[in-house]
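All values derive from a computational prediction rather than experimental measurement. Atoms considered below: every heavy atom in the structure, side chains included; atoms not considered: hydrogens, waters and symmetry mates.
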Amino acid sequence: MDSIKIAPSILSADFARIGEAVALMERCGADEIHFDVMDGNFVPPITFGAAMARDIRKYTGLPLDVHLMVADPAEQAGQFAAVGVDYITIHYEATVHAHRVLAAIRAAGIKAGIALNPATPAETLLDVLADVDRVLVMTVNPGYGGQAFIPSMARKIARLSAMRARAGASFEIEVDGGMNVETARLVAEAGARVIVAGSAVFGAEDPARAIGELRGVLP
């Protein structure tokens, strides 16, 4: 069985000490660093842009996983690709040209992902499954950290896993929202292998232990 990857979300870090927070996550055993990029349009808050990802490279060699919660993913994807991130995930709901944007991300040498809001069915992705390296299932409504996990999302993950098998595809299933040991176990058993964790890691007294417990949800 594939191992679990843990991607701490810097949305839950102290924004005045992002570099230190990222370096700490690497020392504590994180697999990736997750960037929740918000534009104040697709979702209400505004977070940070490509300059942040560029500067984070001074503090970590971990893969940078960029989640674009923006109304113009094509423009922002180009900016993040230019600073050399590793993954760029766009929202299905944010563009009518998902295939075009995913192809542009891959053409730039970046791994491409597509995200689904809780109300968007897994089946909407059927025709782009061959074009993505990841599918990100939002297990809360996007925009704010600290929300409670939506239980029905475990069934969506299971459907995606079955769709992947039928299509002979190889994309990873990533989850974001309300993750703790209990909910991480639910989504991992359904087929998820990349766990985005915010407050569960940054709010822990021992982040290394928290990461280890999340990674250990499957035997």
Query raised in the report: Between Arg100 and Thr95, is a side chain to side chain contact (heavy atoms under 4.5 Å, CB included) present by the stated rule, with each step listed?
Result: CA-CA 10 Å; Arg100 180 187 300 167; Thr95 177; over 6 Å; no
Please answer: with hydrophobic residues joined when any side-chain heavy atoms are less than 4.5 Å apart, are [X] and [Y] in the same cluster?
X      : Y      : value
Val66  : Ile114 : yes
Val128 : Ile110 : yes
Phe15  : Ile56  : yes
Val22  : Ile211 : yes
Tyr87  : Ile90  : no

Query raised in the report: Stepwise, does the side chain to side chain contact (heavy atoms under 4.5 Å, CB included) test hold for Glu189 with Leu218?
Result: CA-CA 7 Å; Glu189 289 174 347; Leu218 287 179; 4.0 Å; yes
Could you tell me whether the side chain of [X] and the main chain of [Y] form a donor-acceptor pair under 3.5 Å?
X      : Y      : answer
Arg134 : Val194 : no
Asn117 : Ala119 : no
Thr47  : Asp36  : yes
Ser12  : Ser199 : yes
Asp86  : Asp65  : no
Asp39  : Ala71  : yes
Arg164 : Ser170 : no
Thr139 : Phe149 : no
Asp31  : Ala7   : no

Supply the atom-to-atom distance [X] [atom1] to [Y] [atom2], rounded to the nearest 0.5 angstrom.
X      : Y      : atom1 : atom2 : value
Met153 : Leu186 : CE    : CG    : 12.5 Å
Glu174 : His67  : CD    : NE2   : 8.0 Å
Met25  : Ile6   : CE    : CD1   : 12.0 Å
Arg155 : Ile157 : CZ    : CD1   : 11.0 Å
Asn180 : Ile195 : CG    : CD1   : 10.5 Å
Gln76  : Phe42  : CD    : CZ    : 13.5 Å

Requested in this report: Report the C-alpha separation of Ile46 and Met38 in whole Å, then their side-chain angles, then the decisive distance to 0.1 Å, and conclude whether the side chain to side chain contact (heavy atoms under 4.5 Å, CB included) test is met.
Outcome: CA-CA 5 Å; Ile46 296 174; Met38 307 182 193; 5.8 Å; no
Requested in this report: Return the set of residues passing side-chain contact (heavy atoms from CB on, under 4.5 Å) with Ala122 (not counting sequence neighbours), or none when no residue passes.
Outcome: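 Ala122 satisfies side-chain contact (heavy atoms from CB on, under 4.5 Å) with Lys156, Arg159, Leu160, Met163 once adjacent residues are dropped.
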Specify the closest pair of heavy atoms between [X] and [Y], including all atoms of both residues, with the distance to one decimal.
X      : Y      : answer
Pro142 : Val43  : O-CG1, 3.6 Å
Val140 : Ile150 : CA-CD1, 4.0 Å
Val37  : Val70  : O-CG1, 3.8 Å
Val83  : Ala53  : CG2-CB, 4.2 Å
Tyr92  : Thr120 : CD2-CG2, 3.9 Å
Ala204 : Ala210 : CB-CB, 3.8 Å

Requested in this report: Name all residues meeting the side-chain hydrogen bond (donor to acceptor under 3.5 Å, both in side chains) criterion together with Asp131; count only those two or more places apart in sequence or in a different chain, and write none if there are none.
Outcome: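 Asp131: no side-chain hydrogen bond (donor to acceptor under 3.5 Å, both in side chains) contacts found.
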**Report entry** Name of the residue among Ile173, Val175, Val217 meeting side-chain contact (heavy atoms from CB on, under 4.5 Å) with Val187
**Finding:**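 One option only clears the test, and that one is Val175.
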Report task. Answer yes or no: does atom OH of Tyr59 have more than 12 heavy-atom neighbours from other residues, nucleotides or ligands under 6.0 Å? Result ->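 Result for OH/Tyr59: open.
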Query raised in the report: How about Arg57: does its CZ atom have over 12 heavy atoms from other parts shown lying under 6.0 Å from it?
Result: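 Atom CZ in Arg57 is packed in, count exceeds 12.
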Requested in this report: Take Val132 and Leu125 through the test side chain to side chain contact (heavy atoms under 4.5 Å, CB included) and record every step on the way to the result.
Outcome: CA-CA 10 Å; Val132 296; Leu125 298 184; over 6 Å; no
Query raised in the report: Under 4.0 Å between a Lys/Arg side-chain N and an Asp/Glu carboxylate O for Glu32 and Lys111?
Result: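 Salt bridge between Glu32 and Lys111, a charged N being under 4.0 Å from a carboxylate O: no.
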Requested in this report: Would you confirm whether the ring centroid of Phe80 sits within less than 6.0 angstrom of the ring centroid of Phe35?
Outcome: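 No, the ring centres sit 6.0 Å or more apart.
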